[in-house]
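See structure below.
All residue numbers in this chain count up from 1 along the given sequence. Order of appearance sets the numbers: ligands from 1, and atoms from 1 within every ligand.
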Amino acid sequence: MKTVTIVGARPQFIKLAPMTRALRAAGDTDIVVHTGQHYDTNMSDVFFSELEIPPPEYHLDVGSGTHGVQTGEMLRKIEAVLMKERPSWVIVYGDTNSTLAGALAASKLSMKIAHVEAGLRSFDRRMPEEINRVLTDHLADLLLCPSDTAATNLRNEGVMGTVEIVGDIMTDALRFAKEKLALDHSIVRRLSMRPGEYLLATVHRPENADSLRRLTELFEVFAELRLPIVFPVHPRTAHMIAVHKLIVPDNIMRIEPVGYLDMVALMEYAKMILTDSGGMQKEAYWLGIPCVTLRENTEWVETVASGWNILVGTDREAILKAVSEFVKPDSRPELYGDSHVAERCVLALERYRCDQEPFTHQV
Ligand code: UD1
Ligand code: UDP
């Protein structure tokens with residue numbers, strides 16, 4: 001079986017790692033297309049080298065831009081690759097502009113689309129990710145879901161494709177990282193942090209990072225927490241801090257984005273995680289670290305229901321209360337599968353595979 005996988009942003013490289021291993025182990029040919037949405041070394045290359053992902057067969061160098069420019073340029077360039085490669089499946093991950101461009105390009109060529117991490121919903125259409133998810137799910141032929149909730153969301157929307165619950169592929173990525181990491185948590189020492197005595201924070205959602213008011217409020221409340229905070233700064237947020245010459249409080253240690261292994265090490269030894277990241281809410285849960293989510297809603301509702309994740313937005317009182325009063329629940333039931341998710345995805349791809357010649361328009 002020949003697949004074309006479209007990736008472009010940090011979390012997608014992490015999801016790609018186990019999938020590409022499983023595809024290659026099954027003897028399949030996986031052609032990887034990197035759109036170039038993320039391009040700094042520590043937003044892209046570091047994940048390929050650390051997670052042992054072979055270099056992408058195609059690099060489209062699309063780079064940054066407005067949603068229309070970026071997605072449009074990807075659409076144009078992905079189409080050319082798909083017409084040349086003619087895969088059995090086009091695989092897309094998550095909810096970025098690279099995801100939507102890949103799905104749209106494939107659908108116009110009548111190629112089969114598999115969406116990994118299908119069915120997630122925040123029900124907040126102001127988020128660009130929500131638009132990308134909904135559209136991709138309605139274009140996809142095979143919808144690979146991390147949870148029952150995701151599958152229910154898809155049924156409620158009446159999607160046309162086949163819905164399969166396989167679990168969350170990030171459990172595979174985390175397991176690989178933990179095995180590779182072994183006992184190397186040296187980043188914690190290098191940053192002069194003591195295990196269990198620092199907070200780890202990330203902020204990159206446009207509603208937080210692009211709002212001077214919300215970002216300033218977050219820094220103010222972070223200062224009030226009076227604990228050391230390790231803060232790997234996403235380039236979107238770094239840009240905002242630089243343009244507005246924002247003062248970052250002394251207890252916040254700003255660092256460049258880190259590779260996945262260092263990130264897992266930082267998460268494992270943190271007292272608590274404060275984040276607006278989607279992926280980190282789950283990683284916090286799997287690692288048994290309390291998570292305070294700097295958003296009003298989440299797609300990963302099970303982490304909140306379990307008591308390990310609290311939604312606070314940027315509300316000062318809510319953040320202070322969540323951090324000072326967090327009580328770890330007694331149990332942490334298995335969520336989003338038990339790893340080996342990539343293998344289940346590959347089996348589903350094989351099962352629903354259909355190698356008919358894709359219909360192509362004459363122009
Ligand atoms: C994107 C995804 C988001 C995902 C996030 C993961 C969309 C709409 N958003 O958001 O869902 O959670 O990736 O991190 O697809 N930049 C750099 N260097 C880079 C990459 C970006 O400097 O390597 C800067 C550019 O100024 C760019 C800005 O960051 O304009 C935002 O990048 P972009 O990829 O558009 O969106 P993200 O916020 O990264
Ligand atoms: N991550 C990382 N280095 C960092 C910040 C995040 O490796 O400096 C990892 C994080 O552990 C998670 C993924 O990147 O696996 C999440 O990416 P991000 O928060 O950018 O996107 P989202 O999950 O919100 O789409």
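Only the side chain of P11 comes within contact range of ligand 1, with a heavy atom under 4.0 Å; no backbone atom does. Only the side chain of P232 comes within 4.0 Å of ligand 2, counting heavy atoms alone; its backbone N, CA, C and O stay farther away. At a heavy-atom cutoff of 4.0 Å, ligand 1 is contacted by both the backbone and the side chain of H38. Only the side chain of E129 comes within 4.0 Å of ligand 1, counting heavy atoms alone; its backbone N, CA, C and O stay farther away.
Ring pair F48/F13 is tilted by interplanar angle, where 30° to 60° counts as tilted.
Listed by number with element, the atoms of ligand 1 under 4.0 angstrom from any heavy atom of N97 are 7 (C), 8 (C), 15 (O).
Here the heavy atom of the protein found nearest to atom 12 (O) of ligand 1 is H204 NE2, 2.8 Å.
For ligand 1, none of its N or O atoms has an N or O atom of H67 under 3.5 Å away. Inclusion of N132 in the set of residues having an N or O under 3.5 Å from an N or O of ligand 1 is not warranted. Remark: ligand 2 and R10 share an N or O pair separated by less than 3.5 Å (distance only, no angle test). Distances between N or O atoms of Y39 and those of ligand 1 include at least one value under 3.5 Å.
Under a 4.0 angstrom heavy-atom cut-off, M170 registers as being in contact with ligand 2. Ligand 2 is approached by G259 to a heavy-atom distance shorter than 4.0 Å.
If you check each of M280, R205, R295 against atom 24 (O) of ligand 2, the one with the closest non-hydrogen atom is R205. Between the choices I14, D262, V258, the shortest heavy-atom distance to atom 13 (C) of ligand 2 belongs to I14.
A cation-pi contact, defined as under 6.0 Å to the ring centre and within 45° of the axis, links R21 to F176.
Here the closest non-hydrogen pair linking Y93 and Q12 is O-NE2, 2.9 Å.
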